[in-house]
Amino acid sequence: MSKSLDTSTTEAEQTVTEVIDGIVETTPDVRRAVADHRGQSNSVNPSGDDQLAADLRADELFEQRLLGIDGVATYASEERAEVKATDGRLHVAMDPLDGSSNLEPNSGMGTIFGVYSERPPTVGTNLLAAGFVIYGPITSMVVARKGGVSEYILEDGDKRMVDDDVTVPDDPTVFGFGGGIDSWTDEFAAYAEEIRHELKLRYGGAMVADINQILTYGGVFSYPELESRPEGKLRLQFEGQPMAYILESAGGRSSNGEQSLLEVEPDELHERTPLYLGNDDLIDRLESNID
Ligand code: AHG
Ligand code: MN
Ligand code: MN
Ligand code: MN
């Protein structure tokens with residue numbers, strides 16, 4: 001009889017800490033890898049996106065490091081079809097390199113992760129922690145766990161905390177919407193038309209950097225449903241749920257147009273979802289626009 005998983009145990013918390021530190025220790029190798037792997041890989045990932053050599057190399061580096069942690073039972077990533085299993089209790093899901101199309105112009109990129117109490121695909125309320133790294137002018141990390149959000153600066157595989165209470169500012173000032181105006185539904189285009197007169201456009205094409213702007217300045221980020229792809233572009237397990245956990249832990253909101261991204265019951269590991277993240281009143285208005 002498998003013992004029921006009491007995820008509040010110190011053992012589970014210890015594993016979460018080891019996963020976070022394992023990711024921190026891997027980031028210098030990832031930074032070096034992206035510099036040496038700027039080409040295509042001639043393969044596509046399970047959700048159908050082209051894979052860069054850097055996507056695959058970052059995925060290998062994180063898988064090796066994180067599956068080596070005793071308390072980690074599985075490793076799942078947007079770059080691989082199957083979940084990799086070993087002994088352990090907690091489950092790591094990663095977008096090993098987010099915004100990798102920005103590698104060519106050397107613009108913002110990062111890593112997104114979630115630590116789940118159940119094997120993915122699983123609902124976002126099973127998250128115990130989530131976070132992201134930005135390989136920017138500074139290598140920084142945002143971590144949400146136990147209801148709080150902290151920011152760290154990463155140097156040489158170590159982290160030092162620079163903010164122990166990251167919260168979405170009450171007065172929103174920026175927005176970033178993916179997909180492009182010609183692809184939006186009429187409802188989203190109408191919402192965007194309202195928002196663009198109230199907030200400043202800041203969109204860099206890497207979710208980690210665009211979300212970090214929402215945490216810094218307040219506002220709304222969306223990769224919405226599109227006329228041609230009602231499911232949107234971004235992946236629920238690897239991007240949507242971890243970022244929703246972070247935003248909601250920081251006092252903001254998440255939505256797929258109808259409900260919190262943390263409450264969506266996933267059908268499959270690589271499913272995509274429309275996503276809207278930011279200040280609660282901006283998300284409320286969006287949900288009343290999108291029927
Ligand atoms: P990834 O590089 O992991 O595939 O993610 C890219 C995603 C996300 O980071 C970003 O918000 C979005 O793609 C940008 O899409 P467009 O380039 O279509 O704007
Ligand atoms: Mn990709
Ligand atoms: Mn991504
Ligand atoms: Mn990616």
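Both ligands and their constituent atoms are indexed starting at 1 by order of listing.
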Vertex the Mn ion (ligand 4), arms to Asp95 OD1 and Leu97 O, rounded to 10°: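 Rounded to 10°, it measures 90°.
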Minimum heavy-atom distance Ile211-Phe132, with the two atoms named: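 Where Ile211 meets Phe132 most closely, the heavy atoms are CG2-CE2, 4.1 Å.
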Shortest non-hydrogen contact from Val16 toward Val115: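 So the minimum-distance heavy-atom pair works out to CG2-CG1, 4.1 Å.
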Any pair counted as ring pair (Phe, Tyr, Trp, His ring centres under 6.0 Å), so long as it reaches residues 37-85, sequence neighbours left out: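 Checked against ring pair (Phe, Tyr, Trp, His ring centres under 6.0 Å) - neighbours excluded - no pair reaches residues 37-85.
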Ring pair (Phe, Tyr, Trp, His ring centres under 6.0 Å) partners for Phe221, two or more places apart: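 Checked Phe221 against ring pair (Phe, Tyr, Trp, His ring centres under 6.0 Å); zero matches.
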Any residue meeting ring pair (Phe, Tyr, Trp, His ring centres under 6.0 Å) with Phe175, in chain and number order, not counting sequence neighbours: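 Phe177.
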The Mn ion (ligand 4) to Glu78: nearest N/O/S atom name: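 Among the N, O or S atoms of Glu78, the one closest to the Mn ion (ligand 4) is OE2.
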Could you pull out every N or O of ligand 1 that sits under 3.5 Å from a protein N or O, with the distance for each pair?
from     : atom 1 : to     : atom 2 : distance (Å)
ligand 1 : 2 (O)  : Gly99  : N      : 2.7
ligand 1 : 2 (O)  : Ser100 : N      : 3.0
ligand 1 : 2 (O)  : Ser100 : OG     : 3.4
ligand 1 : 3 (O)  : Glu78  : OE2    : 3.0
ligand 1 : 3 (O)  : Asp95  : OD1    : 3.2
ligand 1 : 3 (O)  : Asp95  : OD2    : 3.0
ligand 1 : 3 (O)  : Leu97  : O      : 3.3
ligand 1 : 4 (O)  : Arg235 : NH2    : 3.3
ligand 1 : 5 (O)  : Asp98  : OD1    : 3.1
ligand 1 : 5 (O)  : Glu239 : OE2    : 3.4
ligand 1 : 9 (O)  : Asp98  : OD1    : 2.6
ligand 1 : 9 (O)  : Asp98  : OD2    : 3.2
ligand 1 : 9 (O)  : Met207 : N      : 2.9
ligand 1 : 11 (O) : Met207 : N      : 3.4
ligand 1 : 13 (O) : Lys233 : NZ     : 3.0
ligand 1 : 15 (O) : Lys233 : NZ     : 2.9
ligand 1 : 18 (O) : Tyr223 : OH     : 3.0
ligand 1 : 19 (O) : Tyr203 : OH     : 2.5

SB check Asp49 Arg235 (cutoff 4.0 Å):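 Yes, this pair counts.
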Any donor-acceptor pair under 3.5 Å from Asn289 side chain to Ala190 backbone: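 Not a single qualifying donor-acceptor pair exists.
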